[in-house]
There are 2 protein chains.
Amino acid sequence: MSVLKVLAAQLETMTQADRQIAGFIIDHPEKMLTLSSAGLAEATGRSQSSVVKFSQKLGYSGYQQLKLAVNKAKAIEWQTPGGVIHGTIEASDSYMTILQKLIGSKLLSMRETSAANSEPTIDLALAALTDARRIQLAGVGASSLVAKDFSYKLLKLGRAVLLDSDTHIQISNASVLNGSDVLMALSHSGRSLETLRIAELAKKRGAKIISITSLQPNPLLDLADISLFTVGDEERVRSSAITSRDAQLMLTDMLFILLLRRQPDAYDYIHDSETAVKILKV
Amino acid sequence: MSVLKVLAAQLETMTQADRQIAGFIIDHPEKMLTLSSAGLAEATGRSQSSVVKFSQKLGYSGYQQLKLAVNKAKAIEWQTPGGVIHGTIEASDSYMTILQKLIGSKLLSMRETSAANSEPTIDLALAALTDARRIQLAGVGASSLVAKDFSYKLLKLGRAVLLDSDTHIQISNASVLNGSDVLMALSHSGRSLETLRIAELAKKRGAKIISITSLQPNPLLDLADISLFTVGDEERVRSSAITSRDAQLMLTDMLFILLLRRQPDAYDYIHDSETAVKILKV
DNA sequence: CGAAACCTGGAATTATGTATTCCTGTGTCG
DNA sequence: CGACACAGGAATACATAATTCCAGGTTTCG
């Protein structure tokens, strides 16, 4: 997972000194690579020890390790397929440029999202979904559409899914969950009231909670037994919710395909549901 | 060029000590990243100063720089076993491979979709959407979710949008359209019965029809005044509807962003709707 | 309301790691 | 065979990183 994304995500919740250091790294990552811990300290106006402690708080053994991580992140960022542009979409951009930037943003958020989730965690989520007696999905706004999309897929695999667009019904559904059920809650911010209520209730009932939120620390994340992450890129597209929705779809598509692989009879189910739908086509 | 390749290439022509050091780095690059210059010296049985000199001979200012270069090389190597992969996802694929193939498929369908629609046609569609008194959206199944997503975005721009998940209501909505309205119908196959019915009815009422279908000839296409296209990649992902949905989203996101650019007061509307939603967050 | 426990973050210290210099042994060439 | 070039190690000087310690501020709890 890209350190830079993590830094950006946690920037808000950091202490003052840490925020300044993180800010500098985000703004000038390559500059930072040339600096020593003392140099970075001077550049940010903090002390050398703060720089080292900052590195350690992030989970690295020290400043050197952090540097390697930043280096790696930059290296990967460069490595984009031809014709892809990462930039903020401006009103003055031409048609082609807008297209390229849009594709670039979507690609970036898909990549970052796939990198933000470790294989072991994904495996935990898959196991939970596989073993669940019932799966309830929760989400409002744009997330509700992703939840619905995922529910269709789960239904095609023959799983028992609970999802309703009415939040009152979602809450009453959650109130009858139990230890053998799973609640999967989607909220990019992790702060949508209804989704949180549902998750709290489900947790109280003993259901296993899978959260899908951004990397920013958030209440939903705290409730979760298994935490999956989405990485958006709002700023660059500068418009509502496009890339965070793409990131959620990326993640749920991943889960679906991996479930498919685990479930030997999956293709039968899919075949059946597609056959049934064919009647509704010309 | 990757340091590791350079090392391998020059290995033959190196002096004894250098060859040993280079050999170790080639064989255990990750291990090397955890070692200090003295550590690497010990691991290779040479002296610490030789390690530093070795780094300098390669053109780096010192051991640290060499480490960064190796780190970068590994990062890139990991990220791209041959760039974006466009292949069918197989049950035997590893986790990483699946991810890369999924991203590759999505990227491909986004690119092809953006190429499948000419700028003049897009402009026609934008003009129609801009001038429309009301915009009705139609779609069933996965397309209905895209329609809903797009409707949210249009609502944020302050447009009058008609969309209901109940097809009967959709039909009755269509029956009151007139010449100043637009019907946008989404169906990848272009053969979904309900969507077709709605489009036929809307056409009879004199509304302008925008179709969003695959490139395959289909009945919905024949009805349309303006035809937009989506390009999916079903076969490669070998599972239901993932990339055709992505293609539809790509197209509607494009339309949204381009509408945004045309509409001077768009940001006010977006701001207002986002402010209104904030109340529902923690 | 006030003391204790707890953070944050800087200064000083210590430990670690890196780069340079110096030196020796070996092979090469005139 | 002796001057020279050079690989490469030891020692040293220097740079950088990590830890410890402490002061000031904040929260918590009696």
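Protein chains get the first letters and strands the later ones, always in sequence-line order, with residue 1 at the start of each.
Sequence order on DNA chain D of the closest nucleotides to A:Ser36 and B:Ser47 puts B:Ser47 first from the 5' end. Residue-to-nucleotide proximity on DNA chain C shows that, of A:Gly45 and B:Ser61, the 5′-proximal contact is made by A:Gly45. A residue-by-residue look at B:Ala17 and B:Gln64 shows that B:Ala17 has its nearest nucleotide of DNA chain D further toward the 5' end.
If you measure from atom NZ of B:Lys53 to atom P of C:dT21, you get 11 Å, rounded to the nearest angstrom. To the nearest angstrom, C1' of D:dA18 lies 18 Å from OH of A:Tyr60. Rounded to whole angstrom, the span from the CG atom of B:Leu35 across to the C1' atom of C:dG17 amounts to 12 Å. Atom CD in A:Gln65 sits about 16 Å away from atom P in C:dT16, given to the nearest Å. When the C1' atom of C:dA19 is taken as reference, atom NZ of B:Lys57 falls 15 Å away, rounded to whole Å. The distance from atom CD of A:Gln56 to atom P of D:dA18 is 7 Å, rounded to the nearest whole Å. In this structure, CD of A:Gln48 is placed 15 Å from P of C:dT16, rounded to the nearest angstrom. Atom P of nucleotide C:dA19 and atom CG of B:Leu58 are separated by 13 Å, given to the nearest angstrom.
One can find a donor-acceptor pair under 3.5 Å joining the base of C:dA11 and the side-chain atoms of A:Ser49.
A:Thr167 places no side-chain N or O within 3.5 Å of a backbone atom of A:Gln170 that could act as its donor or acceptor partner.
Between B:Thr15 and D:dA7, a side-chain N or O to OP1/OP2 separation shorter than 4.0 Å is absent.
With respect to A:Asp225 and A:Lys203, a salt bridge is recorded, a charged nitrogen being found less than 4.0 Å from a carboxylate O. Salt-bridge check for A:Asp253 with B:Lys106: passed, with a basic side-chain N closer than 4.0 Å to an acidic carboxylate O. Ion pair A:Asp18/A:Lys57 flagged as a salt bridge, since at least one NZ, NE, NH1 or NH2 atom sits closer than 4.0 Å to an Asp/Glu carboxylate oxygen.
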